Structures are given as C-alpha cells and as structure tokens.
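All figures in this text were calculated on a predicted structure; none of them were measured in a lab.
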Amino acid sequence: MALPRYLLLFLFLHCCFARSAAQSSGIAINSDPVLVNGKIYVFHLPASTEGNQYLSGTEFVTGTLTLKGITYMGLQLNYDIYNQQLILKYKSMTGSGNRIIVSDAWMERFSMNSKDFIVIRKNGVKTIYQVFGDGKYQVLYHWTRKLELSHFHGATNSVFSKPRRVMYLFHDNSIFEFRNNKGFIALFDKGEGEKIRSYLQRNGISLREAADPTIAELVSFANASAR
C-alpha cells in the first residue's frame, strides 16, 4: 500500500535532519567514503620554527565543504597555504582525533572564517583560490606563505612569512593577474573600464589594501554594470 504524501514528506525531512545532525556529531564523517578519503595530514617542522603554515592561524574553525556535488556543513577545517592543502579534523569511531588532507580530486569549494574558496582546474593543475562574486566577473586571491631563514643576525631557525596573495580577475573561464587599480581597470573593455575607474575613485579604493567586503562590493558593481 502506498504511503500518504504527507508521511513521505515527513520521512524525507526526518532523514535530512538526521544526516545534518550526524554530520555535526561526527558520525557521518566516519561513515562517508566521499568525505573521509584523504591521506593523514603530517607536517613536521623543527620546534624552533616561528609562525605557522595556515592562512589564519592554527585553530580549526567550523566551515562547509563541497565534494562531488555534496555539501557538508559543520566541519572543522583549516587551510594550509604553504602546502596548498585543506585539512579536515574529526573524531574516529574510537574517539581519537584525526586530521586528513581533503582530496583535491573531488573538492569543488569550501568556506571558512567568512571566506569562500573554489578549486579551479586548468591544464591538469588544480589551484585553490579565495573567490569574490558569482557572476560574469569574479575576483580571485591565491594565498601562499614562504618558509625562510630568520633575518636576525646569527639566527639559524626558520620563519614563515606573512600570508601573501596574488590577485586575479576570472572572466570567460580565463584568469588574468592584476596588481593595482590601473592593472585591474585595463582588464575591462573601454566602457566598463571607465565605470570601474570612476567607482574606485569615488570610493577611494586601493586594491592593494582593500578589505574583503570592499572587494565583494566592487565585483557586484562590475557585474551589475556589465548587464
């Protein structure tokens, strides 16, 4: 006998809620072969090394992750920009803490610390970018750190540099680097470029120093102007 529609809807919503709750508790993480599919994260450095390899610090934060079209919420994530790896922390069935490298073969995008990231594949190379916007134009940041010998006289220890970013405009499935306002404006046709120039001047924006919300608003303006 077929079940009533309202009962089918109830069962569907119940399953969705149960999956969400399981993900938050770590149960689904352990049993999901799509999510738990990476190598154990191991990165040993001498104790005298200063700084760290992450974008924002050593603390793992709650974020979202999309793999093979499936979005997982409530995960503990951190982004190692020195090794260009997204790290997932979770508890095993026995309660021990595990850290694995999220498989970049399946990773599509993730969000953490109010920042959105995407994986772009070009000529067989996969690169992680922070992304602003979702229209005709997008601005991308590629973040890195370097590990360098300390500049203090006589020091023999290594130091991680501050996070370094390279800025790009993503348009027509192509990526164009820019370094400042002039370089950014030059990536648009004459009409759109003049609108962007006026917007930057009117709002006193320097792309070398602009905060994330400012970049997000700029991309929104560029996409609205292009319609």
Side-chain angles (χ1 to χ4, degrees), residues 8-47 49 51-132 134 138 140-147 160 163-165 170 175 212:
L8 288 171
L9 178 61
F10 170 79
L11 291 172
F12 172 75
L13 293 174
H14 177 74
C15 289
C16 290
F17 175 79
R19 178 173 181 177
S20 176
Q23 288 174 356
S24 297
S25 65
I27 296 172
I29 292 178
N30 289 290
S31 60
D32 193 321
V34 175
L35 184 57
V36 185
N37 187 51
K39 299 178 181 179
I40 298 297
Y41 177 66
V42 179
F43 184 50
H44 296 300
L45 289 165
T49 303
N52 63 78
Q53 67 271 32
Y54 299 106
L55 174 59
S56 301
T58 57
E59 293 297 319
F60 280 69
V61 298
T62 302
T64 64
L65 169 63
T66 300
L67 298 169
K68 296 184 72 174
I70 304 171
T71 299
Y72 300 86
M73 297 180 289
L75 302 178
Q76 292 296 297
L77 302 173
N78 209 341
Y79 178 21
D80 176 345
I81 61 173
Y82 177 75
N83 294 296
Q84 292 299 307
Q85 295 169 335
L86 180 65
I87 313 303
L88 168 67
K89 182 172 75 171
Y90 70 99
K91 288 186 178 180
S92 67
M93 293 294 188
T94 61
S96 62
N98 286 340
R99 297 183 182 188
I100 62 171
I101 302 166
V102 176
S103 171
D104 63 3
W106 292 348
M107 183 166 58
E108 298 171 17
R109 62 191 311 124
F110 63 94
S111 299
M112 53 179 289
N113 283 332
S114 301
K115 300 180 188 295
D116 297 319
F117 300 85
I118 59 173
V119 177
I120 294 179
R121 294 162 173 81
K122 195 169 184 65
N123 299 324
V125 178
K126 302 170 184 126
T127 308
I128 298 173
Y129 297 95
Q130 184 182 355
V131 59
F132 300 88
D134 57 5
Q138 296 173 295
L140 308 176
Y141 288 170
H142 181 56
W143 291 98
T144 59
R145 284 187 191 262
K146 289 188 176 181
L147 188 58
F160 278 104
R164 300 174 178 179
R165 71 180 183 188
F170 187 49
I175 298 174
D212 285 5

Using side-chain contact (heavy atoms from CB on, under 4.5 Å), reason through Leu45 and Phe160 one step at a time and then give a plain yes or no. CA-CA 11 Å; Leu45 289 165; Phe160 278 104; 3.4 Å; yes
For [X], check side-chain hydrogen bond (donor to acceptor under 3.5 Å, both in side chains) against everything at least two apart and list the hits.
X: Arg164; value: Glu148
X: Thr66; value: Thr71
X: Trp143; value: Gln130

Heavy-atom pair with the smallest gap, counting every atom of [X] and [Y]:
X: Ile101; Y: Gln85; answer: CD1-NE2, 3.5 Å
X: Ile100; Y: Asn37; answer: CD1-N, 4.2 Å
X: Gln76; Y: Phe60; answer: OE1-O, 3.5 Å

Show me the donor-acceptor pairs, under 3.5 Å and distance only, between side chains in residues 110-124 and residues at least two apart or in other chains.
unit_1, atom_1, unit_2, atom_2, d
Ser111, OG, Asp116, OD1, 2.6
Lys115, NZ, Asp212, OD2, 2.7
Arg121, NH1, Met107, O, 3.4
Arg121, NH2, Asp104, O, 2.6
Arg121, NH2, Ala105, O, 3.4
Arg121, NH2, Met107, O, 3.0

Begin with the C-alpha distance, continue with both residues' side-chain angles, and end with the deciding distance and a verdict on side-chain contact (heavy atoms from CB on, under 4.5 Å) for Tyr90 and Leu35. CA-CA 11 Å; Tyr90 70 99; Leu35 184 57; over 6 Å; no
I need the full list of salt bridge (Lys or Arg N to Asp or Glu O under 4.0 Å) pairs touching residues 59-88, with sequence neighbours left out, sorted by first then second residue. none
Atom NZ of Lys126 with >12 non-hydrogen neighbours under 6.0 angstrom: yes
If you count the non-hydrogen atoms of other residues, nucleotides and ligands that lie under 6.0 Å from CG in Asp134, is the total more than 12? no
Is there a side-chain contact between Leu88 and Leu65 (heavy atoms, below 4.5 Å)? no
Are the side chains of Tyr129 and Phe170 in touch, meaning some heavy atoms are under 4.5 Å apart? no
Taking only residues two or more places apart in sequence, or in another chain, which ones meet Gln84 in a side-chain contact (heavy atoms from CB on, under 4.5 Å)? Tyr79, Ile81, Ile128, His142, Thr144
Please identify each residue that fulfils side-chain contact (heavy atoms from CB on, under 4.5 Å) with Val42, with sequence neighbours left out. Ile40, His44
Quick one: salt bridge (charged side-chain N to carboxylate O under 4.0 Å, His left out) partners of Arg165, sequence neighbours excluded? none
Working to the nearest 0.5 angstrom, can you tell me the gap between Asn52 CG and Phe43 CZ? 10.0 Å
Can you list the residues that meet the ring pair (Phe, Tyr, Trp, His ring centres under 6.0 Å) rule with Phe132, with sequence neighbours excluded? Tyr141
Is Asn78 reaching over with its side chain to a backbone N or O of Gly57, donor-acceptor style, under 3.5 angstrom? yes
